[in-house]
Amino acid sequence: MYTAHPDRYADMPYRRSGRSGLKLPALSLGLWHNFGPERPVATQRAILRRAFDLGVTHFDLANNYGPPPGSAESAFGEALKADLAGYRDELVISTKAGYLMWPGPYGEWGSRKYLLSSLDQSLTRMGLDYVDIFYSHRPDPETPLEETMGALHSAVQQGKALYVGVSNYSAEQTREAARILGELGTPLLIHQPRYSMLDRRPETEGVLDALDELEVGSIVFSPLEQGLLTCRYLDGIPEGSRAASDSPFLNSDAVTEELVGRLRALDEIAKERGQTLAQLALSWVLRGGRVTSALIGASSPRQVEDCVGAIANLEFDAEELARIDAIVNR
């Protein structure tokens, strides 16, 4: 029987999400693409246990995570029942709805019918009465934002979610979502954008500025840029990597000689700081406190350990930041 490490809260920093009372670990574990049937159950459970032992209290899911869709939530539900059920009140569990889950006109996007039906299905798969955070996974261009935000509000009113968030929303969409939710009495807790050293859009498109203005938290996905910002691609494309597969999220064409050169230059900075490249990338998105938490993915407990090592050095001086910018922008 699993017993959590007694010192699990000794080292991990916890950051308040916006102006809410909820604190999130600086690093959270995302279950996208590593918790489907292709990953051994024993490995999945070991990853979750190791993360919790290291102070990672937040587990991030979505209805379509797997693959196939739904399988990550089912796998997490089994692991929760086997190992973590006794620690439920120490955990923050989130899920999302927005992408395709079932056929027909009610199986994706942002209608009230889809969002609340999807949440019910997610709760059943995970064996939960409620999730801590329920997200609109993407804005719906055809459904009024009032309806989508109203559905999130209803999830809270029904006791099926404690907080609500949005993901992949623009700065202006985020402001409008926050306004609507505020009028309903369910504040917007958090936004989940894609953000990394190689993808600065939350900075350049004003999302981080909007979150600062609204006092809303942020949890960033793909801070390691689909694995590019790790040691895996420093010598090109290794066999068995995501870029070597037929993944729609990273293909071999993206791993150019020019990019590999930039990755090697960033790795030199990481070594000077006593970090791996992955640790440097995670520290960078967490710098300065604008980002509440960074989502990591892991295919083994060792990868969790490497990522959590980033918290030992979250500070950058001006010269380091300038060197990173020069490498990324060259």
Side-chain angles (χ1 to χ4, degrees), residues 12-34 48 51-52 54-65 72 76 91-99 122 131-139 152 161-171 173-174 177-178 181 187-197 199-203 205-226 229 278 281-298 304 307-308 310-311 314:
M12 177 65 68
Y14 297 87
R15 299 178 169 190
R16 191 172 301 280
S17 183
R19 63 176 181 271
S20 77
L22 184 68
K23 292 183 177 181
L24 296 179
L27 296 174
S28 300
L29 183 66
L31 275 67
W32 177 74
H33 255 253
N34 282 323
L48 294 168
F52 187 50
L54 292 171
V56 177
T57 53
H58 178 210
F59 299 103
D60 179 80
L61 299 103
N63 58 356
N64 65 325
Y65 285 1
F76 180 75
L91 305 178
V92 174
I93 300 169
S94 61
T95 196
K96 315 176 197 71
Y99 288 94
S122 292
V131 291
D132 296 276
I133 309 170
F134 181 48
Y135 289 85
S136 168
H137 206 167
R138 61 173 172 171
L152 297 186
L162 301 184
Y163 301 92
V164 299
V166 297
S167 181
N168 298 303
Y169 277 50
S170 70
Q173 289 167 333
T174 301
L181 285 168
L188 178 62
L189 173 80
I190 198 163
H191 185 297
Q192 187 173 131
R194 179 170 179 158
Y195 184 45
S196 74
M197 288 194 292
D199 187 346
R200 310 288 185 92
R201 284 176 294 176
E203 293 177 5
E205 297 177 0
V207 170
L208 293 182
D209 289 339
L211 298 179
D212 289 343
E213 169 194 321
L214 297 166
E215 296 183 273
V216 168
S218 60
I219 179 167
V220 300
F221 70 91
S222 292
L224 302 183
E225 204 60 33
Q226 302 294 320
L229 288 168
L282 292 168
S283 297
W284 185 88
V285 298
L286 292 168
R287 75 198 187 285
R290 293 188 86 186
V291 168
T292 311
S293 184
L295 279 167
I296 60 172
V304 176
C307 289
V308 171
I311 65 175
L314 297 178

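Quick note: numbers below take in every heavy atom, side chains included, and nothing from hydrogens, waters or symmetry partners.
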Please examine the side chains of N168 and F221, heavy atoms only from C-beta on, and report whether any two atoms are closer than 4.5 Å.
yes

Is there a side-chain contact between P193 and V220, using heavy atoms and a 4.5 Å cut-off?
yes

If you measure from OG1 on T95 to OH on Y65, what distance do you get to the nearest 0.5 Å?
8.0 Å

Contact check, side chains of V166 and Q173, non-hydrogen atoms, under 4.5 Å:
no

Could you tell me the separation between the CD atom of Q192 and the CG atom of D60, rounded to the nearest 0.5 Å?
4.5 Å

Any side-chain heavy-atom pair from F52 and T57 closer than 4.5 angstrom?
yes

Whether the side chain of Y163 engages the backbone of S94 through a donor-acceptor N/O pair (distance < 3.5 Å, no angle test) should be reported.
no

Going by heavy atoms in the side chains, are S196 and L229 under 4.5 Å from each other?
yes

For V207 and A171, the nearest pair of non-hydrogen atoms, with its separation, is CG2-N, 3.8 Å

Taking all non-hydrogen atoms of both residues into account, name the closest pair between V304 and A51 and its distance.
CG1-CA, 3.8 Å

Less than 4.5 Å apart, side chain to side chain, heavy atoms only: is that true for T174 and L188?
yes

Measure the NZ-CG distance between K96 and L61 for me, rounded to the nearest 0.5 Å.
7.0 Å

Could you pull out every donor-acceptor pair under 3.5 Å between side chains of residues 281-291 and any protein atom, sequence neighbours left out?
residue, atom, partner, partner atom, Å
S283, OG, Q275, NE2, 3.0
S283, OG, Q279, O, 2.9
S283, OG, A310, O, 3.3
S283, OG, N313, O, 2.9
R287, NH1, Y195, OH, 3.4
R287, NH1, W284, O, 2.7
R287, NH2, Y195, OH, 3.4
R287, NH2, E203, OE2, 2.9
R290, NE, D212, OD2, 2.9
R290, NH2, L208, O, 3.4
R290, NH2, D209, OD1, 2.8
R290, NH2, D212, OD2, 2.6

Tell me, please, which residues at least two apart from D199 pass salt bridge (Lys or Arg N to Asp or Glu O under 4.0 Å).
R194, R201

Heavy-atom pair of closest approach, residues L31 and A72:
O-CB, 3.6 Å

About how many Å separate CE of M12 and CG of L54, when rounded to the nearest 0.5 Å?
7.0 Å

Find the distance between OG1 (T292) and CD1 (I219) and round it off to the nearest 0.5 Å.
8.0 Å

From I296 atom CD1 to L29 atom CG, the distance as rounded to the nearest 0.5 Å:
5.5 Å

How close do A161 and F134 get, counting heavy atoms only, and between which atoms?
CB-CB, 3.8 Å

Listing, residues 18-27 side-chain donor-acceptor contacts under 3.5 Å, not counting sequence neighbours, or none:
residue, atom, partner, partner atom, Å
R19, NH1, L214, O, 2.6
S20, OG, S17, O, 2.7
S20, OG, L22, N, 3.1

Can any side-chain N or O of D132 pair as donor or acceptor with the backbone N or O of L162 at less than 3.5 Å?
no

Donor-acceptor contact below 3.5 Å, side chain H191 vs main chain V216:
no

Once you measure the plane-to-plane angle for F76 and F59, does it fall in the parallel (<30°), tilted (30-60°) or perpendicular (>60°) bin?
tilted

Report yes if some heavy atom in the side chain of S218 is under 4.5 Å from a heavy atom in the side chain of L211; otherwise report no.
yes

If I compare all heavy atoms of A62 with all of H137, which pair ends up nearest, and what's the gap?
CB-CE1, 3.8 Å

S136 to L152 - nearest heavy-atom pair and separation
N-CD2, 4.1 Å

